Amino acid sequence: MMRSLYFTVQLFLRYPPPSLPTPTTSPKRTLYFRSLRRSISAVTATATATMDQNLIKKSSSPAEHIAGPWYSVPELRLRDHHFTVPLDYSLSQSPKISVFAREAVSVGKEDQALPYLLYLQGGPGFESPRPTESSGWLNKACEEHRVILLDQRGTGLSTPLTTSSMLQFKSPQELVDYLKYFRADNIVNDAEFIRKHLVPDAAPWKLLGQSFGGFCGVTYLSFAPQGLKQVFLTGGIPPIKDGCTAETVYRACIDPIVLQNEKYYKRYPQDIQIIRDVVIHLAESEGGGVPLPSGGVLTPRGLQLLGLTGLGASTGFERLHYLFERVWDPVIVPGSKKQISYYFLNSFERWLSFDTNPLYALLHESIYCQGAASQWAAHRVRLEHESKLDAVKAAKENRPVLLTGEVNFPWMFDEIHALRPFKEAANLLAEKKDWPPLYNKTALNNNKVPVAAAVYYEDMFVNFNVAMETSKEIGGIRLWVTNEYMHSGLRDGATHVLDHLMGLLNGKKPLF
């Protein structure tokens, strides 16, 4: 209405009606027209101000989708997409966050009508890969698809929750109230939002989920299967029982962890004594540990965390061995004390990534929870097996020290400097009970979306038996069980793993 009045007034001022007397015919009429013009000017100013305010509001409201220009890395063309999405999809007036996705295609295929493939990274709390060239599974995928590399909310460029940005929250409870929106359910909501804005005619797309990304894929099958055309899971079949299954998962992983330790020490028997010596040195140091470069402390139980990366990936044994090769500083000056090298201490912190990806420590146990609290499940399971896992006791008894796997403990928020500010929030998350559901068994039982999954027999992160139990609940799923790869098979197997899974659904493999 104000916009219409504004233009009417402007026309009146520029083109007065012919029958209207000019304002100079008499003093009375002069006063009349002056008054009229003042009234018109006031209305014009009001209309203009209102329009300007509306334009400001419109320009300050972030666009739901902004696509950047194409750019190149060797053999790939890339394009950045920024989406403005609700923090809480259940609210009509929710706060907004930004979610980032990178589109990748082979060179020369930017304008081709290719099917879309969404990639969900492992984690939780890790961003999608940053391509530097076309290689591995991405090379295979980009030959036939538009690959969408999604930074899951809170990671990468998706309103990242870092050790610095999370300090903006005024209290641990305020942080917890925010973090509850960063699990698989809302990652799926973001994916659906993106699909409807990005894919022509909002058609269904394919999904490739690695590890936790596969967990998200099963959540997607539970609540939004209409958005999916095919699903490929690599080391990513979650437990789907009600309650919190974290304790069940960690208990099931004890034997695989012991097995991987035995295999490591069989390959590098010289490391048995090296690690024992390090454990004793740490235990006998002042305060039970040595300072880390960042300000934390390395203790015997902290040292065991190296098993997370060192024992669970295909090249982990070698990397772990080479790391311990340089654990000690040389004694250059006679009489100097034996000490752990800065190289080792710095490498230890870079291995764990808690300073750059703190969500992994904060939210890891919650990914297993539906309507129940985790209550530091890994810590409780460890206490059940402390006779095996106590590093100092093992070293003093001349036994191999066992390294641990994908587990997070409450004491990490004391010993790791980057996590210390979030100790109280971590405890609140561990006691939180009202986690919403992540899976729908009925929907999974009746699933019609073609699903193919790589299940790694010696997977230290996603237990084989737990994965096989869940697979029975997903209608029509096709499994490829192999001990040729470990949890990192998608990365390590170049194109083999993805090619095999696609073959299961595209008629290149037998149907039995």
Side-chain angles (χ1 to χ4, degrees), residues 100 119-132 149-167 179 182-183 187 210-213 215-216 235-236 257 260 291-299 301-320 322-324 342-367 378 403-423 425-426 429 460-462 486-488 490-492:
F100 173 80
Y119 175 72
L120 296 179
Q121 172 71 351
F126 285 86
E127 61 273 16
S128 242
R130 268 43 186 171
T132 56
L149 301 168
L150 175 65
D151 280 354
Q152 297 162 22
R153 53 171 51 197
T155 74
L157 294 177
S158 295
T159 309
L161 294 176
T162 65
T163 52
S164 52
S165 70
M166 287 192 293
L167 294 176
L179 289 176
F182 287 77
R183 298 200 310 158
I187 292 171
Q210 160 65 16
S211 190
F212 172 70
F215 288 23
C216 296
I257 288 172
Q260 293 306 115
L292 288 163
S294 69
V297 58
L298 177 59
T299 64
R301 61 189 180 184
L303 182 76
Q304 291 175 285
L305 296 176
L306 288 173
L308 171 62
T309 301
L311 301 181
S314 61
T315 60
F317 286 10
E318 287 67 37
R319 293 177 61 223
L320 190 60
Y322 297 138
L323 177 63
F324 276 106
Y342 180 88
Y343 171 87
F344 182 88
L345 297 174
N346 184 55
S347 297
F348 170 82
E349 292 194 302
R350 287 190 285 109
W351 268 50
L352 297 184
S353 299
F354 291 129
D355 57 340
T356 56
N357 298 84
L359 287 187
Y360 181 73
L362 284 164
L363 290 180
H364 187 264
E365 289 201 352
S366 77
I367 68 175
L403 306 179
T404 53
E406 191 176 39
V407 282
N408 291 320
F409 302 105
W411 47 261
M412 289 165 41
F413 291 82
D414 292 313
E415 297 181 7
I416 298 173
H417 177 76
L419 297 180
R420 284 175 180 168
F422 314 114
K423 177 179 179 179
L429 286 165
M460 200 180 77
F461 297 86
V462 178
M486 298 178 71
H487 190 71
S488 54
L490 181 63
R491 181 186 68 222
D492 302 330

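Values below: all heavy atoms of this structure, side chains included; hydrogens, waters and symmetry mates excluded. Throughout, residue positions are numbered sequentially from 1 according to the sequence presented. Keep in mind that this is a model prediction, so the values were computed, not measured.
- Listed here is the closest heavy atom pair of Y119 and S128: CD2-OG, 3.6 Å.
- Here the side chain of T163 pairs no donor or acceptor atom with the backbone of P358 at under 3.5 angstrom.
- Between the side chain of E365 and the main chain of A378, a donor-acceptor pair closer than 3.5 Å is present.
- Remark: the backbone N or O of Q304 is paired with a side-chain donor or acceptor of T404 at under 3.5 angstrom.
- Between the CZ atom in F215 and the CG atom in L120 there is a gap of 13.0 Å [rounded to 0.5 Å].
- At distances below 3.5 Å, not a single donor-acceptor pair connects side-chain atoms of T155 with backbone N or O atoms of G125.
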Notebook entry, point to check: Should V462 and H487 be marked as a side chain to side chain contact (heavy atoms under 4.5 Å, CB included) after you check the CA-CA gap, both sets of side-chain angles, and the distance that decides it?
Noted result: CA-CA 8 Å; V462 178; H487 190 71; 3.7 Å; yes

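- Nearest heavy atoms, H417 versus P421: O-CD, 3.7 Å.
- Looking at heavy atoms from C-beta onward, V407 lies out of side-chain contact with I257 at the 4.5 angstrom threshold.
- The shortest distance between side-chain heavy atoms of R183 and I367 does not fall below 4.5 Å.
- Between the CD atom of E415 and the CZ atom of F354 there is a distance of 11.5 Å, given to the nearest 0.5 Å.
- Between the side chain of R420 and the main chain of F413, no donor-acceptor pair closer than 3.5 Å is present.
- With contacts defined as side-chain heavy-atom distances shorter than 4.5 Å, the pair F317/Q260 qualifies.
- Within the model, atoms CZ of F422 and CG of L167 stand 4.5 Å from one another, a figure rounded to the nearest 0.5 Å.
- We find the CD-CZ distance between E406 and F461 to be 5.5 Å, quoted to the nearest 0.5 Å.
- For Q152 (side chain) and P124 (main-chain N/O), no donor-acceptor pair under 3.5 Å exists by modelled atom type.
- Considering CG of L149 and CD of E127, their distance stands at 12.0 Å, rounded to 0.5 Å.
- The side-chain heavy atoms of L362 and M166, taken from C-beta on, include a pair separated by under 4.5 Å.
- For the pair L359 and L179, the minimum side-chain heavy-atom distance is below 4.5 Å.
- The nearest pair of heavy atoms linking S366 to L363 is OG-O, 2.8 Å.
- Within the 4.5 Å cutoff, no side-chain heavy atoms of L352 are placed close to those of M412.
- The heavy-atom pair separating L403 from L303 by the smallest distance is CD2-O, 4.2 Å.
- Interatomic distance, S353 OG to Y360 OH, rounded to the nearest 0.5 Å: 9.5 Å.
- The shortest non-hydrogen separation linking G122 to S211 is CA-CB, 4.0 Å.
- You'll find the side chain of L308 stays beyond 4.5 Å of the side chain of W351, heavy atoms only.
- D151 contributes a side-chain N or O that, together with a main-chain N or O of L157, makes up a donor-acceptor pair within less than 3.5 Å.
- Within the 3.5 Å criterion, the main-chain N or O of R491 finds no donor-acceptor partner in the side chain of S488.
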